[in-house]
Q: 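Questions regarding the structure given below will be posed in turn.
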Amino acid sequence: MAAPGPGEYFSVGSHVSCLTCLGQRLQGEVVAFDYQSKMLTLKCDPSSRKPNLHDVILINLAYVSEVDIINDRTETPPPLASLNVSKLANRARSEKEDKLSQAYAISAGVSAEGQHLFQTIHKTIKDCKWQEKNIMVMDDVVISPPYQADNCKGKEGSALSHVRKIVEKHFRDVESQKQRSQAQQTQKDSSLSS
């Protein structure tokens with residue numbers, strides 16, 4: 001069956017198998033189905049093979065040549081888990097602020113290295129922001145271009161010391177990554193020339 005006809009639907013909790021127009025077989029548990037848009041959401045085994053995880057796949061039934069119901073669920077599905085709406089709103093607000101901060105840095109002409117350092121610091125210390133082209137950390141430490149450990153200024157103490165260590169580790173990691181990439185490229189080039 002290519003798509004459900006009038007009055008046909010998929011019960012939440014049913015197990016189905018779909019064959020896409022590209023010949024890919026998708027199988028999983030129905031999580032949601034929207035009749036008007038012909039969109040089916042399946043919970044499938046994880047592609048990562050990690051336990052207690054699932055892949056969630058959205059399938060447009062207009063691009064499916066065959067749907068087989070493996071196991072139809074007839075009983076009422078369990079109630080949906082409650083959502084902490086305020087936690088979700090805070091998370092959305094925080095993500096929006098992060099994206100605006102990144103956009104500000106780009107528009108202010110901050111170097112890619114400076115933006116990357118900011119993201120590294122922000123993973124550890126949430127209280128950091130842009131002040132023109134400078135990174136302001138905990139309102140105590142200012143890192144100015146070119147964003148090296150020597151460019152960290154502030155009142156001597158644990159905050160300044162901690163931020164300097166983060167900056168130093170960041171640049172050590174960047175240098176280590178460059179060396180690994182160069183070694184891999186050299187190895188790749190030598191194997192191609194053989």
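Hydrogens, waters and symmetry mates play no part in the numbers below; they use all other heavy atoms, side chains included.
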Q: Tell me if a side-chain donor or acceptor on Ser94 pairs with a main-chain N or O of Asn90 at a distance below 3.5 Å.
A: no

Q: Taking side-chain contact (heavy atoms from CB on, under 4.5 Å) as the test, write out the residues that go with Ser37, two or more places apart.
A: Asp34, Met39

Q: Determine whether Lys129 and Asp139 make a side-chain contact, defined as any pair of heavy atoms from C-beta on separated by less than 4.5 Å.
A: yes

Q: Starting at CZ of Phe171, measure out to CG of Leu117 and round the result to the nearest 0.5 Å.
A: 5.0 Å

Q: Check whether Asp55 reaches the backbone of Ser47 with its side chain - one donor and one acceptor, N or O, closer than 3.5 Å.
A: yes

Q: Where do Gln148 and Val167 come nearest, in terms of heavy atoms and distance?
A: C-CG1, 3.7 Å

Q: Counting only heavy atoms not in Arg25, do more than 12 sit closer than 6.0 Å to its CZ atom?
A: yes

Q: Give the cluster check for Val12 versus Ile57: same hydrophobic cluster or not, with ILVMFWY residues linked at side-chain heavy-atom distances below 4.5 Å.
A: no

Q: I need the Ser176 OG to Lys169 NZ distance, nearest 0.5 Å.
A: 9.5 Å

Q: Do Val67 and Phe10 come within less than 4.5 Å of each other through their side chains, counting heavy atoms only?
A: yes

Q: More than 12 heavy atoms of other residues, nucleotides or ligands under 6.0 Å from NZ of Lys123: is that the case?
A: no

Q: Counting C-beta onward and ignoring hydrogens, is there a side-chain heavy-atom pair between Tyr147 and Cys152 closer than 4.5 Å?
A: no

Q: So, for Lys133 and Gly109, which heavy atoms are closest and what is the spacing to 0.1 Å?
A: NZ-O, 3.8 Å

Q: Roughly how far, to the nearest 0.5 Å, is the CE atom of Met136 from the CD atom of Gln131?
A: 3.5 Å

Q: Between CD of Gln119 and OG1 of Thr124, what distance do you get to the nearest 0.5 Å?
A: 12.5 Å

Q: Among Leu42, Leu40, Thr41, find the one that has a side-chain contact (heavy atoms from CB on, under 4.5 Å) with Leu58.
A: Thr41

Q: Yes or no on side chain to side chain contact (heavy atoms under 4.5 Å, CB included) for His170 and His116, after CA distance, side-chain angles and deciding distance?
A: CA-CA 9 Å; His170 167 77; His116 193 235; 3.0 Å; yes

Q: Main chain of Gln177, side chain of Ser181: is a donor-acceptor contact present, judged purely on distance under 3.5 Å?
A: yes

Q: Testing the basics here: between Gly28 and Cys44, what is the closest heavy-atom pair and its distance to 0.1 Å?
A: CA-SG, 4.2 Å

Q: If you look at every heavy atom in Phe118 and Cys128, which pair is closest and at what distance?
A: CZ-O, 3.6 Å

Q: State, to 0.1 Å, how close Asn151 and Pro145 come at their nearest heavy-atom pair, and which atoms those are.
A: ND2-O, 3.8 Å

Q: Cation-pi between Lys38 and Tyr35: NZ/CZ under 6.0 Å from ring centre and within 45° of the ring axis?
A: yes

Q: Do you know the tightest heavy-atom contact between Leu160 and Gly154?
A: CD2-O, 3.6 Å

Q: Mind checking the CZ-CD spacing from Arg73 to Glu29? Nearest 0.5 Å is all I need.
A: 7.0 Å

Q: Under a 3.5 Å distance rule, please check whether Lys153 uses its side chain to pair with a backbone N or O of Asp150 as donor and acceptor.
A: yes

Q: Closer than 4.0 angstrom, basic N to acidic O: yes or no for Glu95 and Arg93?
A: no

Q: When you group the ILVMFWY residues by side-chain heavy-atom contacts below 4.5 Å and let the links chain together, are Ile125 and Val142 in the same group?
A: no

Q: Ring pair (Phe, Tyr, Trp, His ring centres under 6.0 Å) with His162: which residues, sequence neighbours excluded?
A: none

Q: When you measure from the side chain of Gln115 to the backbone of Val110, do you find a donor-acceptor pair of N or O atoms at a distance under 3.5 Å?
A: yes

Q: Are there over 12 heavy-atom neighbours, none belonging to Glu132, within less than 6.0 Å of that residue's CD?
A: no

Q: Would you say that Gln185 contacts Gln187 through its side chain, given a criterion of any heavy-atom pair below 4.5 Å between the two side chains?
A: no

Q: Would a single hydrophobic cluster contain both Val16 and Val31, if residues Ile, Leu, Val, Met, Phe, Trp and Tyr are joined by side-chain heavy-atom contacts under 4.5 Å?
A: no

Q: Determine whether Arg172 and Glu175 make a side-chain contact, defined as any pair of heavy atoms from C-beta on separated by less than 4.5 Å.
A: no

Q: Can any side-chain N or O of Ser65 pair as donor or acceptor with the backbone N or O of Leu19 at less than 3.5 Å?
A: yes

Q: Quick one, Asn71 and Ser14 - any side-chain contact, counting heavy atoms below 4.5 Å?
A: no

Q: Treating Thr186 as the side-chain partner and Gln182 as the backbone partner, does any N or O pair qualify as donor plus acceptor under 3.5 Å?
A: yes

Q: I'd like to know if Ile69 and Val64 are part of one continuous hydrophobic network [Ile/Leu/Val/Met/Phe/Trp/Tyr, side-chain heavy atoms within less than 4.5 Å].
A: yes

Q: Compare all side-chain heavy atoms of Ile59 with those of Leu26 and state whether any distance is below 4.5 angstrom.
A: yes

Q: What's the separation between atom OG in Ser158 and atom CG in Asp140, rounded to the nearest 0.5 Å?
A: 9.0 Å

Q: Who passes ring pair (Phe, Tyr, Trp, His ring centres under 6.0 Å) against His54, sequence neighbours left out?
A: none

Q: Does the pair Ser48 and Leu53 meet the rule for a side chain to side chain contact (heavy atoms under 4.5 Å, CB included), with working shown?
A: CA-CA 8 Å; Ser48 66; Leu53 295 179; 4.3 Å; yes

Q: Please tell me if the side chains of Glu66 and Asp68 come closer than 4.5 Å, counting only heavy atoms from C-beta onward.
A: yes

Q: How about Asp45: does its CG atom have over 12 heavy atoms from other parts shown lying under 6.0 Å from it?
A: no

Q: What about Tyr104 and Ile135, same hydrophobic cluster or not, with Ile/Leu/Val/Met/Phe/Trp/Tyr joined at side-chain heavy-atom distances under 4.5 Å?
A: yes

